[in-house]
Participant: 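Here it is, the structure, as structure tokens.
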Amino acid sequence: MRTEQLSWSKPTGWHNGSTSPLNGSTSPRNANLVLYFGAREALASGSRYHELRAMFPDAHIMGCSTGGQISNDDVTDDEIFAAALSFDHTPLRLASAPAPDAAHSHACGEAIGRALAADDLAGVFVLSDGLNINGSKLVAGITSIIGNAVPLTGGLAGDGARFEETLVGGDCPPKNHAVTAVGFYGSAIRIGHGTAGGWDEFGPRRSVTRSVGNVLYELDGEPALDLYERYLGEDEAKGLPGTGLLFPLLVRDPARPQTALVRTILAVDREARSLTFAGDVPQGWVAQLMRGNFDRLAAGSADAARQARAGLGGETTGDEVALLVSCIGRRLLMGQRTSDEVEAAGMELGAGMPRLGFYSYGEISPHATSGVCELHNQTMTVTTLAEVAG
Amino acid sequence: MHKLFAKQLAKATRGGKRVDLALLGELVASAYEQSDRDRRRTDRSISLMIEELDKLNRSLELQVEERTAALRERESELKAQNFRFDAALSNMSQALLLFDASAHLVISNQRYMDMYDLPAELVKPGVALVDLLNERKVRGSFQGNPEEYVAKILADVAEGKTGSQIAELPDGRTTFVLYHPIPGGGWVSTHEDITERRRAETQIAYMARHDSLTELPNRLSFRERLAEAFVSLQRDERRAVLYLDLDRFKNVNDTLGHHIGDELLKVVASRLRSCVRESDMVARVGGDEFAIIQMHIEQPIDTETLARRVCSAIKAPYEIDGHEMVVDTCIGIAIAPDDGAEPNEILRNADMALYGAKADGPGTYRFFEPKMDARMRARRELEIALRKAFAAGQFELHYQPFLNLRDGTIPGVEALLRWNHPERGMIPPAEFIPVAEEIGLIFPLGEWVLRQACADAACWPDNTSVAVNLSPTQVMSKSLVPVVISALAAAGLPAHRLELEITESVLMHNTESTLATLHRLKQLGVKISMDDFGTGYSSLSYLRSFPFDKIKIDRCFISGLPNGDSAAIVQAVAGLAKNLNMVTTAEGVETQQQLDEVRKLGCTELQGYFFSRPCPARDILAMFPRRLEKPAITALAS
């Protein structure tokens with residue numbers, strides 16, 4: 001496999017790291033798969049897609065809007081980062097499905113799963129709309145078809161801290177209400193994955209006294225929004241739902257305490273005093289507020305990277321690539337120091353491994369302990385790709 | 001240099017060597033602001049957390065308080081409950097034990113320790129049942145193998161079976177032990193001392209079958225034994241039933257009191273017991289009635305021997321409380337299977353035999369005879385017929401006229417009762433009068449006779465009288481005088497036209513009251529005649545005791561005429577009567593010769609077939625009003 005990293009910025013257009021820009025005059029290049037991540041404004045017109053299509057006529061091109069992009073040690077808001085991958089021995093297939101609303105998430109996942117299912121399916125990387133989806137259900141839908149043995153990684157598209165609209169495109173200009181996924185087939189591909197958090201729960205355990213799916217109404221009988229406004233203070237509360245990312249929720253089934261999941265706020269309803277999360281917050285479960293510890297967040301990223309690197313094994317040939325999907329909440333907390341975590345991950349992955357990624361509204365990866373693929377929040381998930389000699 | 005500052009610097013210097021100070025300033029300021037925000041956020045989080053934890057603490061404390069209060073209440077409730085249970089357990093009359101599934105004691109009450117005299121140190125929760133039983137065995141309140149016993153209970157309990165047993169303890173007590181499985185695998189057992197209950201039950205059973213005074217088996221036992229005797233009867237085997245009662249026992253009771261009477265019965269019972277063998281049974285079946293079953297008879301004479309022995313045993317004098325007395329007995333005997341195929345028949349026949357023995361007199365025994373049965377039956381039939389007859393008006397009065405030997409007139413007639421039985425025809429009074437007396441019919445019958453006789457006589461000429469026979473029973477009755485007065489009044493008959501004939505046996509009993517009645521009747525004007533003169537023991541002395549109006553010389557003297565002895569007697573009696581101002585009637589004159597004789601010997605009247613047979617009332621009327629001449633008498637004679 002070969003990796004070529006590209007970036008686009010408004011003043012300079014597409015670059016691949018060499019000094020000369022890439023433009024339509026350059027001859028078409030070989031690649032099977034191109035991944036790109038950028039701000040919604042930059043992708044909205046669809047032009048970037050077309051440009052990429054022109055450069056890589058034979059490749060599957062998939063990408064989405066984000067809450068920030070990662071390329072090696074850099075994290076930016078305004079640029080578009082992309083990577084063109086050329087696989088030697090690995091067939092690929094792209095599948096897309098509409099995501100009309102959260103209620104259809106499972107069905108949507110099933111459609112994706114059916115489109116990609118095959119005996120030699122070795123892995124799936126999925127990008128989903130970030131706002132009109134129930135990430136847990138989407139994941140469940142896909143795994144209900146492909147099973148738990150096939151690694152499923154990916155993320156939910158973002159929209160900065162605005163939470164207004166997200167765009168996803170698979171072999172087409174990115175649009176809203178879309179889910180797209182690429183399947184890797186054959187025995188030559190190696191996929192590693194890792195996920196880690198770094199947030200600490202604190203304070204009293206609260207009972208989820210009223211919730212419906214991923215909408216939380218009450219904790220301990222008190223409107224959920226009241227709690228958050230208290231903890232955020234007047235100023236930061238104005239920034240909800242974005243500032244809600246500073247206090248993710250740790251939810252746990254009291255009957256099975258080891259199934260702890262971190263949940264991120266996606267939306268607030270100021271009238272209903274409710275909070276919508278990226279995944280289910282089941283009634284009767286126990287919830288605790290979490291807060292981020294910078295050092296632990298960075299250590300978490302390093303941990304995820306380590307896991308992903310280990311998953312590749314030692315016999316790969318050619319280039320490797322790491323896809324980083326990190327949570328918008330981490331970026332919000334760390335601010336200018338966000339790159340600390342990306343650097344930490346890089347340290348583990350090694351200088352020779354190119355890194356591409358984005359800040360999402362939800363991360364998809366197998367659970368570190370259970371191995372079952374789930375939607376995560378507030379995590380850094382790393383997916384590594386490489387091939388072995390055919 | 002701080003890593004962040006280095007980045008910021010790099011960012012501010014991008015695209016050239018000059019540092020964009022404004023940008024750098026922005027970045028640095030922004031980093032400070034972020035830091036501040038971070039710090040404030042953290043501070044707020046901590047404060048809020050402290051607050052919340054505080055609140056939580058307080059709420060927990062409150063909960064703990066409430067829980068503690070509730071627990072304390074519960075505890076005191078439980079204490080009270082336990083106290084109640086303890087009280088119940090300690091005071092219940094049974095011993096109670098609760099064992100767990102491995103046969104170890106969980107609960108026991110004081111009664112258990114008391115019942116089996118077990119030390120408190122042993123009977124503690126956790127002790128194994130087998131150990132308790134071993135201790136009980138040592139102390140003599142358990143028999144058997146403890147391990148086996150425990151194994152049996154465990155097996156039963158495992159099947160959910162309730163078990164019980166009655167144990168006869170070596171020390172003489174009887175206990176009732178019940179064990180009942182409980183959910184969870186153990187069981188509850190109760191022990192009850194039923195010694196007293198048993199004793200009472202046995203007592204009741206005994207009392208139900210024995211006479212409390214004499215301790216002899218009672219009627220119920222007797223019947224049962226008799227039934228058994230029949231069932232076990234082999235071919236060629238015989239058993240005897242002796243039925244006996246005490247003669248004159250009522251006397252003893254009446255004269256000496258019930259206490260003496262009871263003592264007497266006890267002595268009688270023991271004497272009877274000594275007469276019989278071990279295998280025989282003596283029972284008290286009534287107030288003074290006893291029965292004996294003789295089980296083994298080698299020879300027929302054996303029963304007679306027994307009967308004789310019983311008679312002499314009973315007859316022997318008694319001395320009770322300083323009083324001396326004698327009683328006698330009558331015994332009726334029936335032999336099975338000859339005299340009866342089943343108990344009821346045997347008893348009936350023994351009873352009949354007893355009845356027969358009574359007729360023979362006290363101190364006798366009689367064997368049942370089949371004829372007895374027939375006789376009894378005939379007598380009973382007669383009884384029934386008699387009662388019916390009276391109601392159905394089957395009785396008639398016939399009259400036999402007297403003849404005055406001086407002037408040939410008919411001074412009066414004797415009323416004679418006739419029973420016109422629809423099937424059997426005329427039944428003579430000798431046959432039915434005794435039965436009537438026995439069944440008490442004599443009074444209504446007698447009254448009817450008096451009334452009818454007076455009524456008939458009222459139709460006859462004024463100088464004729466009617467004579468009515470009275471039995472001793474009637475004369476002894478207090479109602480005789482009123483009945484006579486009533487009969488006379490109803491008929492409108494003057495008292496002097498009524499004659500009442502009595503035999504001397506009337507004067508044998510209750511002489512004082514009898515004489516009083518007779519005098520009273522005489523006062524009324526009624527005439528009293530002595531019937532069958534000369535047939536009793538002391539006819540003459542009876543003549544002295546009462547002023548009779550007439551003597552009727554018995555036919556046995558008349559039929560002997562003209563034999564010398566009879567003639568002498570007749571003459572003497574006639575002369576005696578004349579001197580005492582009494583009329584003499586010669587009874588049973590059947591021939592002319594007898595007629596002439598009695599006239600010659602001095603009798604006043606005669607009565608007999610020669611003159612007239614008894615005839616119905618209407619025929620008598622036809623005989624009046626003729627005055628009969630002597631020649632007429634002669635004419636009559638031919």
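To find a chain, count down the sequence lines: A is the first, B the second, and so on, and within it residues start at 1.
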Participant: Go through the atoms of Leu48(B) and report whether side chain, backbone, both or neither lie under 4.5 Å from a heavy atom of chain A.
Facilitator: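 Both backbone and side chain.
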Participant: Using modelled atom types only, decide if a donor and an acceptor are shared between the side chain of Gln336(A) and the backbone of Leu27(B) within a distance under 3.5 Å.
Facilitator: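 Present.
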Participant: Around atom CG of Asp78(A), are there more than 12 heavy atoms of other residues, nucleotides or ligands at under 6.0 Å?
Facilitator: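 It does not: Asp78(A) CG has 12 such atoms or fewer within range.
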Participant: Does Asp340(A) pair with Lys7(B) as a salt bridge, N-O distance under 4.0 Å?
Facilitator: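 Yes, Asp340(A) and Lys7(B) are salt-bridged.
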Participant: Regarding Glu236(A) and Arg40(B), does a basic nitrogen lie under 4.0 Å from an acidic carboxylate oxygen?
Facilitator: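 No salt bridge links Glu236(A) with Arg40(B).
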Participant: Could you check whether atom CZ of Arg72(B) has more than 12 heavy atoms from other residues, nucleotides or ligands sitting under 6.0 Å from it?
Facilitator: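 Count not over threshold, so no.
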Participant: For Arg162(A), is the CZ atom crowded, meaning more than 12 foreign heavy atoms sit under 6.0 Å from it?
Facilitator: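 Yes, the 6.0 Å shell around CZ holds more than 12 heavy atoms from other groups.
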Participant: With chain A as the partner, which of Glu52(B), Lys55(B), Gln8(B), Met49(B) has the greatest number of non-hydrogen pairs under 4.5 Å?
Facilitator: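 So the answer, after comparing Glu52(B), Lys55(B), Gln8(B), Met49(B), is Glu52(B).
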Participant: Let me know if Ser47(B) has heavy atoms under 4.5 Å from chain A in its side chain, its backbone, both or neither.
Facilitator: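 No part of Ser47(B) comes within 4.5 Å of chain A.
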Participant: Chain B heavy atoms under 4.5 Å from Arg206(A): which part of the residue, side chain, backbone, both or neither?
Facilitator: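 Only the side chain of Arg206(A) comes within 4.5 Å of chain B.
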Participant: I need the residue from Leu289(A), Leu333(A), Leu246(A) with the largest number of non-hydrogen atom pairs under 4.5 Å to chain B.
Facilitator: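 The answer is Leu246(A).
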Participant: Has Met347(A) got more than 12 heavy atoms of other residues, nucleotides or ligands less than 6.0 Å from its CE?
Facilitator: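 No - once you tally the heavy atoms of other residues, nucleotides and ligands closer than 6.0 Å, there are 12 at most.
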Participant: So do the side chains of Lys3(B) and Glu343(A) get within less than 4.5 Å of each other, counting heavy atoms only?
Facilitator: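 Lys3(B) reaches Glu343(A) side chain to side chain.
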Participant: Inspect the surroundings of CD in Glu77(B) and state if more than 12 heavy atoms from other residues, nucleotides or ligands are less than 6.0 Å away.
Facilitator: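 Counting neighbours around CD of Glu77(B), more than 12 heavy atoms of other residues, nucleotides or ligands fall under 6.0 Å, so yes.
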Participant: Measure Leu232(A) against the heavy atoms of chain B and call it side chain, backbone, both or neither at under 4.5 Å.
Facilitator: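 Contact with chain B: backbone only.
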Participant: Side chains of Arg291(A) and Ile46(B): closer than 4.5 Å at any heavy-atom pair?
Facilitator: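 No; the side chains remain at least 4.5 Å from each other.
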Participant: Is it the case that more than 12 heavy atoms not belonging to Arg205(A) sit under 6.0 Å from its CZ atom?
Facilitator: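 For Arg205(A), atom CZ is not crowded (no more than 12 foreign heavy atoms under 6.0 Å).
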Participant: So, for Pro204(A) and Leu56(B), which heavy atoms are closest and what is the spacing to 0.1 Å?
Facilitator: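 Result for this residue pair: CB-CD2, 3.9 Å.
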Participant: Which value, rounded to the nearest 0.5 Å, describes the distance between Ser45(B) atom OG and Tyr231(A) atom OH?
Facilitator: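 Rounded to the nearest 0.5 Å, the OG-OH separation comes out at 6.5 Å.
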Participant: Tell me, do Arg41(B) and Phe247(A) make a side-chain contact under 4.5 Å, heavy atoms counted?
Facilitator: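 A side-chain contact under 4.5 Å exists here.
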Participant: Of the non-hydrogen atoms in His2(B) and Arg337(A), which two are nearest, and what is the gap between them?
Facilitator: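 Smallest interatomic distance, heavy atoms only, reads CE1-NH2, 4.1 Å.
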Participant: Return yes when atom CZ of Arg39(B) has more than 12 non-hydrogen atoms of other residues, nucleotides or ligands closer than 6.0 Å, and no otherwise.
Facilitator: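 Yes, the 6.0 Å shell around CZ holds more than 12 heavy atoms from other groups.
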